[in-house]
Amino acid sequence: MQVTKTVEETRNLVKNWKKEGKSIGLVPTMGFLHEGHASLIQRCREENDIVVVSDFVNPTQFGPTEDLEAYPRDFARDSALCEGLGADLIFNPEPENMYSNPHAFVNIDLLSETLCGKTRPIHFKGVCTVVSKLFNIVAPDRAYFGQKDAQQLAIIRKMVEDLNFDIQIVGCPIVREADGLAKSSRNTYLDENERKAALCLSRAVKKGQEVIHAGAAAQDVLTEMKAIIEAEPLAEIDYVSMVDALTMQPVEKAEKDVLVAMAVYIGKTRLIDNFSYEV
Ligand code: PAF
């Protein structure tokens with residue numbers, strides 16, 4: 001497995017692989033890899049000749065008061081995990097290898113304004129910018145993203161369509177701990193009590209799935225889910241919403257495919273979870 005730090009080195013390797021007729025898969029990450037990332041890398045390994053993992057804590061997707069500095073990092077561990085999973089390359093740039101100042105941004109506005117975009121107004125602009133850059137640097141045939149960040153996945157699909165990237169976007173299922181908590185690098189922020197309290201998210205997901213299958217309107221689904229979260233003293237709801245799966249705009253009933261998504265503070269840690277419902 002090789003490790004590159006610069007755009008130029010990465011492009012040269014990719015050019016050679018392409019000359020050999022090899023297909024390239026990309027798994028974009030911010031590092032501190034867990035089983036959720038591992039599932040993306042495994043799927044990428046099965047479907048491509050070459051597996052590229054990017055490991056970059058992207059500063060442009062963090063707001064001024066968010067956890068950019070505190071975001072967990074452990075490149076040695078990430079590197080061992082990627083090697084064990086058969087990755088061919090980790091691209092691990094420094095911010096100065098990625099961004100000049102000032103630099104261009106990519107923004108997919110409408111879809112970025114609801115759900116997480118309300119509390120994190122610049123987040124998806126940063127995500128779209130870095131993912132576009134990674135797509136241009138690695139020129140993958142396929143790129144892999146987790147369904148846990150469902151709004152991110154929908155925005156990236158729209159960006160690929162709108163900007164004509166010739167890349168197949170592969171969405172992969174949420175990976176959960178045995179007790180239901182969705183895997184996240186931010187779970188490491190939770191202390192013992194918060195870790196227990198965080199289970200209210202997956203319990204709310206389960207309840208929401210039951211109620212929506214019984215044909216309930218959005219308001220009833222969301223009321224049942226919120227009641228579970230509100231019963232947990234350490235939890236504070238940022239949002240619990242039902243939106244159209246493609247446009248990310250609120251809906252009153254699941255008449256088309258929908259996403260039911262939430263963000264909840266457990267202490268100071270903001271966690272997300274969701275489920276999709278297909279009609
Ligand atoms: O999902 C993430 O980890 C990040 O948002 C991504 C896609 C790697 C962009 O920095």
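When a ligand or atom number is given, it counts from 1 through the structure's own listing order. Position 1 is the first residue of the sequence; numbering continues from there. For clarity, every value in this text was computed on a predicted model and none was experimentally measured.
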State, without any angle test, whether T60 and Y99 hold a side-chain donor-acceptor pair at a distance under 3.5 Å.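 There is such a pair between these side chains.
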So, T29 and D55: side-chain donor and acceptor under 3.5 Å apart, yes or no?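 No, D55 and T29 have no side-chain donor paired with an acceptor closer than 3.5 Å.
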For the residue pair F145 and F135, does the interplanar ring angle fall in the parallel (under 30°), tilted (30 to 60°) or perpendicular (over 60°) class? perpendicular
Counting each atom of ligand 1 from 1 as listed, which ones have a heavy atom of [X] under 4.0 Å away?
| X | value |
| --- | --- |
| P28 | 8 (C) |
| V130 | 9 (C), 10 (O) |
| T29 | 8 (C) |

What residue and atom, counting heavy atoms only, is the protein's closest point to [atom], and at what distance?
| atom | result |
| --- | --- |
| atom 3 (O) of ligand 1 | M30 CG, 3.7 Å |
| atom 9 (C) of ligand 1 | Q61 OE1, 3.3 Å |
| atom 5 (O) of ligand 1 | Q152 OE1, 2.7 Å |

Rounded at 0.5 Å granularity, tell me how far CD in E236 sits from CD1 in I266. 10.0 Å
Compare all side-chain heavy atoms of F124 with those of Q61 and state whether any distance is below 4.5 angstrom. no
